[in-house]
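Heads up, the thing below is written out as structure tokens.
Proteins get letters first, then strands, A, B, ... in listed order; numbering begins at 1 in each. As the structure is a prediction and not an experimental result, all values here were calculated from the model.
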Amino acid sequence: MEPQYNHKLFESEIYKKWEKSGAFSPHPTTHNSHPFTIIMPPPNANDPLHIGHARFVAIEDVLIRYHRMKGEPTLWLPGSDHAGIETQYVFEKKLSKEGKSRFNYERDTLYKMIWDYVQENTGVMENQLKVLGASCDWSRFKFTLDPEMVKIVYGTFKNLYDDGLVYRGERIVNHCPRCGTAYSQMEVDSVERDDNLYYLDYGTITIATTRPETIFADVAVAVNPKDEKYKKLIGLYATIPLINRTVPVIEDNLVDEAFGTGALKITPAHDATDFEIGQSHKLPLISVIDEKGRMTGTPEKYIGMKALAAREEVVKDLEAAGKLVKVEKIHHLVGTCYRDHGNLEPTVSKQWFIKVEPLTKKVLLAIKNKDVRFAAKKYEKIAIHWLKNLKDWNISRQIVWGMRIPAYRCEKCMEWTITNGQIPKECSSCQNGILSQDPDTFDTWFSSGQWPFATLKTGEKGDFNNFYPTSVMETAYDILPFWVIRMLMLGIYSTGKVPFENVLIHGLVRDKEGLKISKSKGNVIDPIDMAEKYGSDALRMGLIWGELVESDIALSEDKINGQRRFANKVWNVARFVTQNSQYKVHSTKYIAKNEDDKWILDELKKTTHEVTRALDKYRLNEAAKEIYEFIWNKFADRYIEKVKDRREEAQTVLNYILDSTLRLLHPFMPFLTEQIWKEMGQNELLIVAAWPLTSKWPK
RNA sequence: GGAUCCAUGGCUCAGUUGGUUAGAGCGUCUCGUUUACAUCGAGAAGGUCGUAGGUUCGAAUCCUACUGGAUCCACCA
């Protein structure tokens, strides 16, 4: 053995050996052992991994390796996500560099182009997972758009539709005129901005608005019922300037009497609050801005103008007509597109919705019954809060990259026919033969919400029965509401069982100062660079050591380097043990000759117990620290220093301690320990060696 | 406005059924070191655990209020 551990010499070779050995695939159950399963949160197929991925790899791989060593049939199922909006956006940026846009291509061509683009990149992510040592079962790898996955998702949609849980809803959506798509509220960036607030004379009443170009779509003026100054106006009419249309004055407690004049013009087609008020008062919808963000259905002169340009014109005309009372500056939050940061246009459109209440009810019950447990209580609280407040789920997306919704509209009676994916021969209502498919695709979370059961049902025969419900869902807290609760909803709906028994949520990786990592801050930590520089083991240990799984962690190169030094320490401990001429490989028997021997053996017992206990409670930081302290402080600094003058006598104990130590450390630092295992002369691989038993010991 | 969380040595964090002297890594200081490792070893300094009350034989830990901070959701015409 060289005096220093050089990870570059061993890591890729070791990974190949593991892969070749078949250790990543679950072994058939020989003794009624309960399987341990994690479905990997699929990274985006077209993106390289970031440091956050490295954290989940470290955490999940520790759990997987631990349970594999305990002899459980262990499955870690990898995959990749088509990440609809994100990927299409990246692809469109690429297109625009070539001076093209998606409007240059037909739908099918564009889809094929994105597919090929993603295929080019998907290997990158897979190789990086291997670099990090992920011991997942590549033979079961899934892509969210694999045909058999699509089939499952279509089936679920059809079932939901047949059960009356899908409806065509008229909803106000945050429509981006440039992206040509509607975004969910979660995808909207709220930006602080200074704007003008225009006070407009509506005859009986003066209203305040930041969007005078939408006055042509007004259908009412609303005031707060508590607002004394307007009480007498309720039931009377106000007059929209420039077009002189009269609209009723109504009352609604969503109106803030302190804002502007306390009177709100109601424009249900172009504002979310107004839409809500319009719904409850059964007001009509008038739209004056089309999906490209241009004026329509207004007085002739504005038609075709972009909304912002029209605003200037309308203000001029209002001023000329003497209807502009005053203009104030206002500082407020505006919803903008998270992709291009331009204005979003709240627009009414017809889309598919899922009634969530029947689904969330069952999830809440499952949480209450502990069918699904959250490792950290705080995340259970957050999940419950979300489940109780979730609004109906809009699952239509106006993009190409994704699963096209299997809904076909009859051109004669305009009714929808929903299928499992196949093209219907005739309309289910009027039997007419001409139907056209909804151009929209499913929200990515609708398909990935089915990931755990879909991957297992389309895997090897018996996988679903063997591995569902899975053991642990491990993912970051930022997608708890998007993904985790959707998986619970759709998993319980589709299979009658929770998709996973435990939820382990991890925090974000932050920089040394605890700041969020972002490209603009320039504090990006590339996991592959770190793995190459310090070794995958050091990176993994650095991501686990010190902080709780559930917390955000502050990661610095110093911290990773500290773990590299630890790796070197372990290496040299092994060097010391095996250098002795008396060293023999298969000596599992040991004889304690004195108090020091008894002491280290006793400490090993305690450590084994503590590491095991901590792993069972997902307290990986504790487990890591226990084994770290045992090796460095107790084994190396104390015991080895003391036995230097009686090495031969202590050899059996040294062997035994090293052997056990490597087993305990293996889940955390798999490459290093596997290599030392080999240096010790072991024939079998450490990855499938047995976890040191603690059950035999009292307490 | 609603929700969740955090506040412990210079920095980043542990401390999860309330129980001796509050721990670790990094940093600082002192000393040592020709073979397992200088990628090292031995030792030291450094904390009235955000503030104020309360519960208790006993509180970093439980309760209340306050102060400061983080994140998420909603809304702001």
Side-chain angles (χ1 to χ4, degrees), chain A residues 1-6 185-186 188 190 192 195 197-200 207-212 214 218 221-222 254-256 258-267 270-274 276-277 330-335 346 375-386 388-391 477-478 480-481 507-508 510-516 534 538 541-542 545-548 550-559 561-580 614 617 619 621-622 624-626 628-629 632-633 636-638 640-641 644 647 654:
Chain A
M1 289 172 86
E2 294 297 313
Q4 275 114 35
Y5 174 63
N6 184 354
Q185 286 169 335
M186 300 169 190
V188 175
S190 287
E192 285 188 48
D195 271 317
L197 181 64
Y198 303 94
Y199 286 71
L200 306 181
I207 59 93
T209 181
T210 54
R211 303 201 57 194
T214 65
D218 288 356
V221 171
L254 283 178
V255 181
D256 178 1
F259 190 93
T261 62
L264 170 64
K265 77 185 194 69
I266 300 300
T267 321
H270 299 297
D271 182 273
T273 310
D274 294 13
E276 206 172 311
I277 292 174
I330 180 180
H331 189 73
H332 64 159
L333 286 176
V334 183
K377 271 282 170 295
K378 65 174 173 179
Y379 293 121
E380 182 180 294
K381 283 186 196 168
I382 291 170
I384 288 173
H385 188 255
W386 266 94
K388 285 186 173 165
N389 294 289
L390 199 66
K391 288 186 183 163
Y477 67 68
D478 54 352
L480 169 63
L508 305 179
R510 295 170 176 274
D511 74 2
K512 200 178 178 175
E513 274 85 36
L515 297 172
K516 215 166 176 173
Y534 301 103
M541 196 68 165
W545 201 90
E547 287 109 332
L548 293 163
E550 69 208 54
S551 308
D552 289 359
I553 64 168
L555 186 68
S556 61
E557 277 203 51
D558 280 349
K559 193 173 173 189
N561 190 40
Q563 296 304 326
R564 188 185 62 85
R565 280 164 43 219
F566 174 58
N568 197 54
K569 190 69 178 180
V570 180
W571 180 259
N572 275 286
V573 164
R575 251 186 106 204
F576 178 87
V577 173
T578 57
Q579 252 176 10
N580 195 333
K617 293 169 75 180
R619 305 182 64 81
N621 59 321
E622 259 175 41
K625 198 170 165 183
E626 286 289 338
Y628 177 101
E629 282 179 353
W632 202 319
N633 303 338
D637 290 348
R638 286 189 65 177
I640 288 182
E641 288 305 320
K644 276 185 175 169
R647 284 176 72 160
L654 286 167

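In terms of phosphate contacts, Thr273(A) brings a side-chain nitrogen or oxygen within less than 4.0 Å of OP1 or OP2 of rC76(B). For the pair Arg565(A) and rC40(B), the criterion of a side-chain N or O lying under 4.0 Å from OP1 or OP2 is met. Within the structure, every side-chain polar atom (N or O) of Arg619(A) is placed at least 4.0 Å from both OP1 and OP2 of rA14(B). Considering only side-chain N and O atoms, Trp632(A) lies nowhere under 4.0 angstrom from the phosphate OP1 or OP2 of rC37(B). A sub-4.0 Å separation between OP1 or OP2 of rG25(B) and a side-chain N or O of Ser556(A) is absent.
Across the protein-nucleic acid pair, Phe566(A) atom CZ and rG25(B) atom C1' stand 13 Å apart, rounded to whole Å. Between the CG atom of Asn621(A) and the C1' atom of rU12(B) there is a distance of 13 Å, rounded to whole Å.
A salt bridge is defined here as a Lys NZ or Arg NE, NH1 or NH2 lying under 4.0 Å from an Asp or Glu carboxylate O, and Glu547(A) with Lys559(A) meets this definition.
Nearest to the side chain of Arg564(A), among rU12(B), rA77(B), rU39(B), sits rU39(B). Between rA14(B), rC76(B), rA42(B), one nucleotide has an atom nearer to the side chain of Asp637(A) than all others, and that is rA42(B). Minimum atom distance to the side chain of Tyr628(A) is reached by rG25(B), of the listed rA36(B), rC72(B), rG25(B). Closest to the side chain of Glu629(A), out of rG41(B), rA77(B), rA24(B), is rA24(B). The Leu548(A) side chain lies nearest to rA14(B) when the options are rC37(B), rA14(B), rC13(B).
Only the P atoms considered, rA70(B) is 44 Å distant from rC31(B), to the nearest whole Å. Separation of the C1' atoms belonging to rA59(B) and rG50(B) is 16 Å when rounded to the nearest angstrom. Here, rU16(B) and rG54(B) have their C1' atoms 23 Å apart, quoted to the whole Å. For the P atoms, the distance from rC62(B) to rC40(B) is 38 Å, rounded to whole Å.
Between the base of rA36(B) and the side chain of Glu641(A) there is a donor-acceptor pair shorter than 3.5 Å. At a cut-off of 3.5 angstrom, counting only N and O atoms as typed in the model, there is a donor on one side and an acceptor on the other between the side-chain of Lys644(A) and the base of rA36(B).
Among the heavy atoms of the strands lying under 4.0 Å from Ala636(A) is at least one base atom, whether or not backbone atoms are also near. Trp545(A) comes within 4.0 angstrom of sugar-phosphate atoms only, judged by non-hydrogen atoms across all strands, and of no base. Contacts of Ile207(A) with the nucleic acid, taken as non-hydrogen atoms under 4.0 Å apart, are absent. Across all strands, Gly546(A) comes closer than 4.0 Å only to sugar-phosphate atoms, never to a base (heavy-atom distances). Using a 4.0 Å heavy-atom criterion, one finds that Ala263(A) contacts the bases of the nucleic acid, with or without backbone contacts as well. Using a 4.0 Å heavy-atom distance criterion, Ser551(A) is classed as a sugar-phosphate-only contact. Residue Gln4(A) is classed as a base contact, given a heavy-atom separation below 4.0 Å to a base. Residue Ala208(A) is in base contact, counting any heavy-atom pair closer than 4.0 Å across all strands shown. At a threshold of 4.0 angstrom between heavy atoms, the contacts of Asp478(A) with the nucleic acid are absent.
Taking the six-membered ring where the residue is Trp, Phe566(A) and Tyr628(A) present tilted rings, their angle falling between 30° and 60°.
Atom CZ of Arg619(A) sits about 5.5 Å away from atom CG of Leu548(A), to the nearest 0.5 Å. The OG atom of Ser551(A) sits 5.0 Å away from atom NZ of Lys378(A), with the distance rounded to the nearest 0.5 Å.
Paired regions of RNA chain B, where each region holds three or more successive Watson-Crick or G-U pairs whose two hydrogen-bonding distances fall under 3.5 Å, are B:1-7 with B:67-73, B:10-13 with B:23-26, B:28-32 with B:40-44, B:50-54 with B:62-66.
Put simply, the side chain of Trp571(A) never gets that close to the backbone of Met1(A): no donor and acceptor are under 3.5 Å apart. The closest donor-acceptor contact from the side chain of Asn561(A) to the backbone of Glu557(A) lies at 3.5 Å or more, if one exists at all.
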* Structure fact -> Per-nucleotide protein contact along nucleotides 3-8 of chain B, 5' to 3', at a 4.0 Å heavy-atom cut-off (B base, S sugar-phosphate only, - neither), is SSS---

